[in-house]
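Accompanying notes for the structure given below.
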Amino acid sequence: KPFPAELAGTEISALVVNPLDGSLLIADSHAGQLLKLSPQGAVLARADATIPAAPVLRLDSGLLLLNSAEGPGISVLRYEDEAFGRQLDEILLLPPAGSAARFTGVRDFLRSGDYWWALLDSAGSDRAGLFRFDARWQFVDRPPLTADTHPAGLLNWAGRILVLDPSQ
């Protein structure tokens with residue numbers, strides 16, 4: 001079933017389904033907008049936002065999380081209709097003490113148990129490093145990846161974190 005005409009031209013750069021009510025939360029990086037749709041496709045809310053070229057949306061504890069377009073951070077947003085897209089906070093993901101790398105963005109992130117896992121992009125490289133943070137986004141460790149790993153994304157599979165690498 002096609003979506004309503006008011007969604008013509010909308011590009012779905014990222015999408016997450018709210019498991020509580022079936023609503024769809026969409027990031028359109030081309031238009032710089034966040035949209036909230038009913039399960040039937042009706043637009044419930046729309047908000048202008050600064051969205052990275054490759055957005056990642058996650059729902060956690062009643063909040064909408066979006067990787068920041070401004071650097072290695074996570075934007076914390078509201079997703080209820082009346083305040084949709086309103087930013088509450090920006091979480092800066094700090095590298096470990098003594099790290100020489102300068103991080104430019106968050107490629108992917110997800111929660112598993114009491115930890116957040118994030119792929120952070122390094123300046124001057126097409127590679128990303130894997131980092132683990134606690135529930136309050138404090139650095140825990142940097143799980144090692146083999147030198148030939150080119151991480152593109154993360155997947156939570158039965159409590160395990162899988163690193164997606166298109167080259168393997």
Side-chain angles (χ1 to χ4, degrees), residues 1-93 103-112 116-131 133 137 149-158 160-168:
K1 177 178 171 182
F3 281 114
E6 69 182 304
L7 292 174
T10 299
E11 291 183 14
I12 299 175
S13 306
L15 175 139
V16 66
V17 178
N18 185 341
L20 299 176
D21 64 6
S23 61
L24 303 169
L25 304 169
I26 295 172
D28 180 345
S29 59
H30 178 72
Q33 286 196 325
L34 293 170
L35 294 98
K36 181 178 181 181
L37 308 180
S38 72
Q40 295 74 32
V43 176
L44 301 174
R46 185 185 300 254
D48 291 330
T50 304
I51 299 173
V56 176
L57 293 173
R58 303 283 185 236
L59 291 173
D60 185 67
S61 303
L63 299 169
L64 176 62
L65 305 176
L66 170 69
N67 56 327
S68 177
E70 305 299 321
I74 306 291
S75 299
V76 180
L77 310 168
R78 295 180 63 178
Y79 66 83
E80 57 275 9
D81 295 354
E82 310 79 42
F84 182 71
R86 187 173 302 149
Q87 186 164 349
L88 297 173
D89 203 354
E90 185 82 10
I91 301 166
L92 180 62
L93 301 185
F103 300 101
T104 58
V106 178
R107 185 174 297 186
D108 198 359
F109 66 99
L110 56 79
R111 186 173 191 150
S112 179
W116 283 98
W117 297 74
L119 289 175
L120 300 182
D121 289 321
S122 297
S125 171
D126 64 346
R127 292 212 155 167
L130 178 62
F131 295 86
F133 299 87
W137 293 99
T149 302
H150 300 278
L154 300 171
L155 179 67
N156 188 341
W157 179 63
R160 292 184 172 95
I161 302 302
L162 301 181
V163 177
L164 305 174
D165 181 348
S167 69
Q168 297 183 25

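For the numbers below, each heavy atom of this structure counts, side chains included, while hydrogens, waters and symmetry mates do not.
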Just to verify, what does D108 make a salt bridge (Lys or Arg N to Asp or Glu O under 4.0 Å) with, not counting sequence neighbours?
R58

Taken in chain and number order and not counting sequence neighbours, the residues that satisfy side chain to side chain contact (heavy atoms under 4.5 Å, CB included) with P72 are L92, F103

Find the distance between CZ (F133) and CG (L93) and round it off to the nearest 0.5 Å.
4.5 Å

Nearest 0.5 angstrom please: T149 OG1 to L130 CG, how far?
10.0 Å

For A54, all residues meeting side chain to side chain contact (heavy atoms under 4.5 Å, CB included), sequence neighbours excluded
none

For residues 81-88, run the donor-acceptor check on the side chains, cut-off 3.5 Å, and write out each pair with its distance to 0.1 Å, sequence neighbours left out.
{"residue": "D81", "atom": "OD1", "partner": "K36", "partner atom": "NZ", "Å": "2.9"}
{"residue": "Q87", "atom": "NE2", "partner": "D89", "partner atom": "O", "Å": "3.1"}
{"residue": "Q87", "atom": "NE2", "partner": "E90", "partner atom": "OE1", "Å": "2.7"}

Within this structure, what is the CG-CG distance for the pair L164 and L155, rounded to the nearest 0.5 Å?
5.5 Å

Determine whether W116 and L65 satisfy the following criterion, side chain to side chain contact (heavy atoms under 4.5 Å, CB included), listing intermediate values before the conclusion.
CA-CA 12 Å; W116 283 98; L65 305 176; 3.4 Å; yes

Y79 and L64: which non-hydrogen atoms are nearest, and at how many Å?
CD2-N, 3.7 Å

Partner residues of A158 under the side chain to side chain contact (heavy atoms under 4.5 Å, CB included) criterion, sequence neighbours left out
none

My understanding is that only residues two or more places apart in sequence, or in another chain, count here; which of them pass side-chain hydrogen bond (donor to acceptor under 3.5 Å, both in side chains) with E80?
R78

How far does CD1 of I51 sit from CG of N67, to the nearest 0.5 angstrom?
10.0 Å

side-chain hydrogen bond (donor to acceptor under 3.5 Å, both in side chains) partners for S167, two or more places apart
D165

With H150, which residues qualify under side-chain hydrogen bond (donor to acceptor under 3.5 Å, both in side chains), at least two apart?
R127

Residue pair L63, L77: steps toward the side chain to side chain contact (heavy atoms under 4.5 Å, CB included) verdict
CA-CA 6 Å; L63 299 169; L77 310 168; over 6 Å; no

Could you tell me which non-hydrogen atom of P55 sits nearest to which non-hydrogen atom of P52, and how far apart they are?
CD-O, 3.3 Å

What are the two closest heavy atoms between A27 and L57, and how far apart are they?
N-CD1, 3.7 Å

All side-chain hydrogen bond (donor to acceptor under 3.5 Å, both in side chains) counterparts of R111, not counting sequence neighbours
D60

side-chain hydrogen bond (donor to acceptor under 3.5 Å, both in side chains) contacts in which one or both residues fall within residues 46-55, not counting sequence neighbours:
Q33-R46, Q33-D48

Nearest atoms (heavy-atom pairs only) where A128 meets L119:
CB-CB, 4.1 Å

Dump the intermediate steps for side chain to side chain contact (heavy atoms under 4.5 Å, CB included) on L34 and L25, then the final yes or no.
CA-CA 7 Å; L34 293 170; L25 304 169; over 6 Å; no

Result block: side-chain N/O donor-acceptor pairs under 3.5 angstrom for residues 11-22, not counting sequence neighbours:
{"residue": "S13", "atom": "OG", "partner": "S29", "partner atom": "N", "Å": "3.0"}
{"residue": "S13", "atom": "OG", "partner": "S29", "partner atom": "OG", "Å": "2.9"}
{"residue": "N18", "atom": "OD1", "partner": "L20", "partner atom": "N", "Å": "2.9"}
{"residue": "D21", "atom": "OD1", "partner": "S23", "partner atom": "N", "Å": "2.9"}
{"residue": "D21", "atom": "OD1", "partner": "S23", "partner atom": "OG", "Å": "2.7"}

Is there a side chain to side chain contact (heavy atoms under 4.5 Å, CB included) between V106 and L120? Walk through the geometry before answering.
CA-CA 5 Å; V106 178; L120 300 182; 3.7 Å; yes

Nearest 0.5 Å, please: how far is CG in L110 from CG in L154?
5.0 Å

